[in-house]
Enquirer: 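For reference, the structure I am asking about is given below.
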Amino acid sequence: MFISLRRSTATLAAAGLLVTGLVACGSEDEAVSEPGTSGDKQITVYSGRNEQLIKPLLEKFTAQTGITVNARYANTAQLAAQLVEEGDKSPADVFLAQDAGALGTVSKRDMFVTLPSTTTDKAPATYRARNGHWVGVSARARVLVYNADAVTEAELPASVFELTGPAWKGKVGVAPTNASFQAFVTAITVQHGEARAKEFLAGLKANDPQVRDGNGKILEDVIAGTVPVGLVNHYYLGEVAKEQGTTVDALKAKLHFFPGGDTGGLVNVAGVGVLKRAADNPDAQAFVDYLLGPEAQTYFAEQTFEYPVVEGVTGPAGVPALADLQVPDIDLNDLDALESTVALIKESGLVP
Amino acid sequence: MASTAAVAVAVVPLAYLGVRTAEAGLDRIVAELWTGRVAWLSLRSLGLAAVVTSACVLLGVGSAYLVTRTDLPGRRFFAVLAALPLAVPTYIAAFAWVSAFDGLAGFWPAALVLTLCSYPYVFLPVAAALRGADPAQEEVSRSLGRGGWQTFTRVTLRQIRPATAAGALLVALYVLSDFGAVAILRTDTFTRAIFVAFDLGFDRTGALVLSSVLVLLTLLLLTGETVTRRRGARYARLGGARRAAARLRLGPARWPALAGLLGVAALALGVPAVSLARRLVAGVSRPGALAEVAAAAGNSLVLALAGAALTMLLALPLGLLTARAPGPLTTVLDRLAYLSHALPGVVVGLSLIFFGINVAYPLYQTTWLLALAYATLFLPLAVGSVAGAAAQAPPGLEEVARSLGRGPWGVLRTVTLPLTLPGIGAGAALVFLTGMKELPATLLLRPTGTDTLATELWTNTAVGAYAAATPYAALLVVISALPTWLLVARSGLLDKDDR
């Protein structure tokens with residue numbers, strides 16, 4: 001009896017704690033209520049870009065403009081689903097996305113305002129929406145990352161299409177669920193037709209690829225030497241160098257930029273769009289302009305190893321300049337035919 | 001009734017799936033589901049669930065027997081050790097295993113990691129049942145001439161069957177819903193396909209249509225469990241003083257038994273610990289200021305506590321109903337509470353966004369809606385604990401109280417609740433634990449700007465800042481260890497009243 005009494009007391013004490021905790025968090029909720037009304041120096045940003053990368057930038061923005069940013073971080077695809085589910089009741093003012101495809105999904109639901117051309121004109125036409133619904137703020141190149149011990153420079157393929165050949169059997173890391181891989185497959189369709197895309201995916205699948213969940217895992221395996229080469233975005237190398245406390249040049253893994261306008265060298269963007277509820281909100285507009293301003297553009301180059309999209313800003317260290325890349329001639333606006341790409345990737349058997 | 005409220009919360013995701021699937025149209029549904037891929041993924045998911053559940057039953061019942069019914073040295077220590085893996089999220093465990101063993105991937109490694117993380121779901125209820133079971137039945141069996149092994153299989157295993165089945169069901173449903181381990185270990189399962197569908201072309205409709213299959217698989221499992229359940233089986237102690245069963249003398253067999261328990265603990269706890277420590281040393285990234293870490297820990301605590309409180313509030317009437325008024329209607333209500341349990345967190349999260357936006361907008365993106373999501377996700381954990389405790393308390397006591405003139409509320413307050421209190425505590429601890437680890441629904445529903453240990457862990461590992469992620473992982477496990485200890489204590493495994 002003694003024991004059970006003691007236990008009951010413990011449970012009651014826990015219940016008491018609970019109530020206090022709940023009351024405390026109830027008042028917390030009220031403190032942040034109703035952000036986003038026009039010009040109240042508060043905006044809500046849905047960020048599909050990682051908190052570690054973006055938070056310092058948002059803090060700089062707040063310091064400069066006095067506008068508080070309530071940021072909501074999650075995976076880009078899931079935030080797009082969340083925005084679509086929320087519809088016009090969404091508390092979001094701005095959607096900052098990891099890639100153009102997610103922005104296109106929200107744009108198709110007609111949830112974005114048309115940005116003023118004074119804003120969008122800062123980025124080249126290929127890196128912004130034709131209808132002005134979103135604008136790219138940083139660019140990333142598709143590359144072949146390779147382990148310098150496993151592959152010599154002379155062995156590197158001139159085209160991404162060579163990777164389906166016998167020389168690369170079992171050696172290529174791919175992340176088919178990754179949005180940038182999908183954009184790349186769409187780019188093949190745009191440049192060479194759907195048949196070629198289908199053939200490439202079938203060839204890749206037949207060549208015993210090393211399928212991984214994301215670009216980061218491919219890179220990790222390439223550095224470890226368990227996978228010789230992999231298709232990733234260029235900036236992941238910078239992330240690894242940062243974590244290991246070293247420079248990009250000191251790593252075993254090297255980047256190969258496909259030459260001659262090959263589809264494998266597609267350049268994609270991370271971008272931003274303003275939701276309709278913030279149509280007349282100068283703070284949201286100020287945020288977009290800030291992202292395209294020199295401070296943010298330099299931040300992307302130095303801290304996230306991405307290419308600035310605004311001319312005149314120095315690019316990241318350790319990689320060739322964007323202007324020197326032989327980028328395929330593809331307009332990102334043409335990459336919104338995602339549905340057929342998804343069907344192709346599913347058919348290929350590269351994903352569950 | 002009050003139980004209906006609980007069930008209503010549990011079926012929010014089903015309603016949402018219904019609405020969205022209907023929108024998709026018949027052609028789309030057929031195109032999405034009538035494929036070999038869906039059949040293959042279903043079989044694979046069920047296969048994984050079957051393998052993991054069997055392994056968990058073996059491991060859970062085995063270790064529960066060793067710590068409750070034998071003279072194994074250090075039993076209390078091993079009881080805590082066997083429950084502790086509950087504090088390790090599968091995504092941390094899988095990540096640790098991949099870090100420790102290069103190239104680990106596929107069905108069997110995923111089965112191994114899932115087993116090591118979820119066998120406490122079987123161990124805890126079975127250990128409690130073994131400890132609470134009436135030894136008289138075993139003694140009768142022996143006195144009637146049955147040997148030790150026969151008594152174990154014919155009597156003991158039957159006594160603990162409800163506990164084993166309840167734990168096994170939780171494991172099976174958990175395996176169906178798990179994304180963390182199967183994603184990291186690259187095993188294609190249904191849940192992974194659902195997540196992939198969100199990523200591939202941001203195809204929400206396809207993902208949701210696929211999710212409805214998971215509900216059907218759950219229905220299959222639930223029906224199976226219900227059909228095989230022995231009707232009217234009750235194993236409450238009928239009067240007499242509480243006394244412990246005789247302990248089996250292991251003799252020299254104690255060494256392999258000890259080695260086995262230590263081995264499992266080393267795999268379930270040692271591998272993650274060593275692996276995380278190595279990551280911490282290898283990287284140069286560091287977590288934010290102490291204040292940030294503390295804030296994340298505080299938020300995790302508050303959210304998990306709020307979730308546990310709300311879940312218990314909803315679970316209590318349903319659990320009592322299940323234990324006190326069994327019948328077809330009760331069974332249906334109880335099973336309905338389980339139906340969303342195999343849905344991945346992202347689907348439950350989206351369904352509560354739908355609910356929050358269209359029904360309860362003032363709650364949207366507040367702690368309360370997230371707490372509600374936890375209730376939806378974890379209701380079965382709580383209902384099971386309450387029902388289990390209530391079933392062990394003899395209904396005779398309530399009848400006596402009624403006959404002595406107490407009204408129904410008085411009986412509930414003075415007899416039923418105190419008797420069920422240990423079950424309520426256990427359920428709350430279990431929900432709290434699981435809530436601390438939950439990630440996908442938390443990401444979708446947390447109040448904007450609220451970081452928890454789990455979200456910080458995700459944020460840091462997503463950019464490869466593993467060293468910065470490690471303290472969050474460690475803190476998550478350490479904080480979860482406390483309710484785990486409570487769970488063990490409540491099972492009576494720490495009591496010293498036995499020989």
Side-chain angles (χ1 to χ4, degrees), chain A residues 3-4 7-8 10-11 14-15 17-19 21-22 24-26 28-29 32 44 50-53 70-75 77-78 80-82 84-87 89 91 101-102 105 177-179 182 211-213 216 220 224 226 236 239-240 242-245 338-339 341-342 345-346 351-352, chain B residues 37 41 102-103 183-184 186 188-189 192-193 196 198-204 207 282-285 301-303 305-306 308-309 346 350 353-354 357 361 364-368 418 421-422 424-425 428 440 443-444 446-449 451 455 459-460 462-468 486 489-490 495:
Chain A
I3 287 171
S4 73
R7 260 191 228 134
S8 320
T11 317
L17 261 179
L18 270 179
V19 173
L22 293 181
C25 70
E28 217 171 89
D29 293 336
V32 293
T44 298
N50 193 281
E51 183 169 359
Q52 295 303 311
L53 303 178
N70 302 308
R72 187 172 186 83
Y73 299 96
N75 158 305
Q78 282 162 28
Q82 176 157 20
V84 169
E85 199 61 72
E86 289 172 343
K89 280 190 174 175
T105 304
T177 55
N178 198 278
Q182 295 167 42
V211 176
R212 295 292 180 271
D213 211 31
E220 220 172 277
T226 48
Y236 284 89
E239 281 179 6
V240 172
K242 210 178 188 179
E243 171 70 0
Q244 298 192 353
L338 264 174
E339 272 163 39
T341 301
V342 169
I345 295 179
K346 274 188 185 167
V351 298
Chain B
R37 178 172 157 265
L41 285 171
D102 240 3
I184 294 172
R186 306 202 298 275
D188 295 344
T189 63
R192 190 161 178 230
V196 164
F198 277 112
D199 283 345
L200 274 183
F202 313 101
D203 178 19
R204 181 185 54 147
V284 298
S285 64
L301 275 173
V302 167
L303 285 172
L305 282 173
V346 62
L350 279 177
I353 290 178
F354 177 77
I357 285 289
Y361 194 63
Y364 190 58
Q365 291 186 355
T366 66
T367 307
W368 292 106
L421 214 48
I424 298 174
L443 278 178
L444 285 173
R446 59 178 165 162
T448 298
D451 290 321
T455 66
T459 298
N460 282 293
V463 289
Y466 298 116
L486 276 178
R490 115 94 189 139
D495 297 351

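The structure presented is a predicted model; accordingly, all values stated were derived computationally and were not measured. Lettering follows sequence order; numbering is per chain, from 1.
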Enquirer: Quick check on A/T226 against chain B: is it the side chain, the backbone, both or neither that has a heavy atom closer than 4.5 Å?
Expert: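 Contact with chain B: side chain only.
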
Enquirer: Picking from B/A467, B/A468, B/A207, which has the most non-hydrogen pairs under 4.5 angstrom with chain A?
Expert: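 Option with the top pair count is B/A467.
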
Enquirer: Just so I understand: if I count every heavy-atom pair under 4.5 Å between each of A/Q52, A/E239, A/R72 and chain B, which residue has the most?
Expert: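 Counting heavy-atom pairs under 4.5 Å, the top option is A/R72.
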
Enquirer: Search all heavy atoms of A/V351 against all heavy atoms of B/V196 and return the closest pair with its distance.
Expert: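 Minimum heavy-atom contact is CB-CG1, 4.1 Å.
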
Enquirer: Could you report the tightest heavy-atom contact between B/Y466 and A/E243, atom names first, then the distance?
Expert: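 The pair with the smallest heavy-atom distance is N-OE2, 3.2 Å.
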
Enquirer: Taking B/T455, B/L443, B/T189 one by one, which has the highest count of heavy-atom pairs under 4.5 Å against chain A?
Expert: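 Counting heavy-atom pairs under 4.5 Å, the top option is B/L443.
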
Enquirer: Say you draw a straight line from CD of B/Q365 to CG of A/N70; how long is it, rounded to the nearest 0.5 Å?
Expert: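 The CG atom of A/N70 is 10.0 Å from CD of B/Q365, to the nearest 0.5 Å.
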
Enquirer: Can you say whether A/N178 sits under 4.5 Å from chain B via the side chain, the backbone, both, or neither, judging by heavy atoms?
Expert: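 Neither part.
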
Enquirer: One pair to check against side-chain contact (heavy atoms from CB on, under 4.5 Å): A/E51 and B/D451. What are the steps and the verdict?
Expert: CA-CA 10 Å; A/E51 183 169 359; B/D451 290 321; 3.0 Å; yes

Enquirer: Would you sort out whether A/E85 and B/I357 count as a side-chain contact (heavy atoms from CB on, under 4.5 Å), showing the intermediate values?
Expert: CA-CA 8 Å; A/E85 199 61 72; B/I357 285 289; over 6 Å; no

Enquirer: As an exercise: rank A/L53, A/I345, A/V211 by heavy-atom pairs under 4.5 Å with chain B and give me the winner.
Expert: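 That would be A/V211.
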
Enquirer: Might you point out which heavy atoms bring A/N50 and B/T459 nearest each other, and give the distance in Å?
Expert: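 So the minimum-distance heavy-atom pair works out to ND2-O, 2.8 Å.
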
Enquirer: Any donor and acceptor pair, going by atom type alone, linking the side chain of A/Q82 with main-chain N or O of B/L350 inside 3.5 Å?
Expert: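 Not a single qualifying donor-acceptor pair exists.
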
Enquirer: Between A/E86 and B/F354, is the side-chain contact (heavy atoms from CB on, under 4.5 Å) condition met? List the steps.
Expert: CA-CA 7 Å; A/E86 289 172 343; B/F354 177 77; over 6 Å; no

Enquirer: Quick check against the 3.5 Å criterion: does A/R212 have a side-chain atom that pairs as donor or acceptor with the backbone of B/R186?
Expert: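 Looks like no, no N/O pair under 3.5 Å.
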
Enquirer: Could you tell me whether the side chain of A/D213 and the main chain of B/I184 form a donor-acceptor pair under 3.5 Å?
Expert: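 Such a contact is absent between A/D213 side chain and B/I184 backbone.
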
Enquirer: Given heavy-atom pairs under 4.5 angstrom as the criterion, report whether the side chain, backbone, both or neither of A/Q244 touches chain B.
Expert: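 Just the backbone, heavy atoms under 4.5 Å.
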
Enquirer: Ignoring hydrogens and angles, tell me if any N or O in the side chain of B/Y364 forms a donor-acceptor pair with the backbone of A/K89 under 3.5 Å.
Expert: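 Flag not set: sc B/Y364 to bb A/K89 has no pair under 3.5 Å.
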
Enquirer: Please flag which part of A/A224 lies under 4.5 Å from any non-hydrogen atom of chain B: side chain, backbone, both or neither.
Expert: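 For A/A224, the contact with chain B is made by the side chain alone.
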
Enquirer: Can any side-chain N or O of B/R37 pair as donor or acceptor with the backbone N or O of A/K346 at less than 3.5 Å?
Expert: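 Between the backbone of A/K346 and the side chain of B/R37 there is no qualifying donor-acceptor contact (under 3.5 Å).
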
Enquirer: Is it the side chain or the backbone of A/K242 that comes within 4.5 Å of chain B heavy atoms, both, or neither?
Expert: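 Just its backbone gets close to chain B.
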
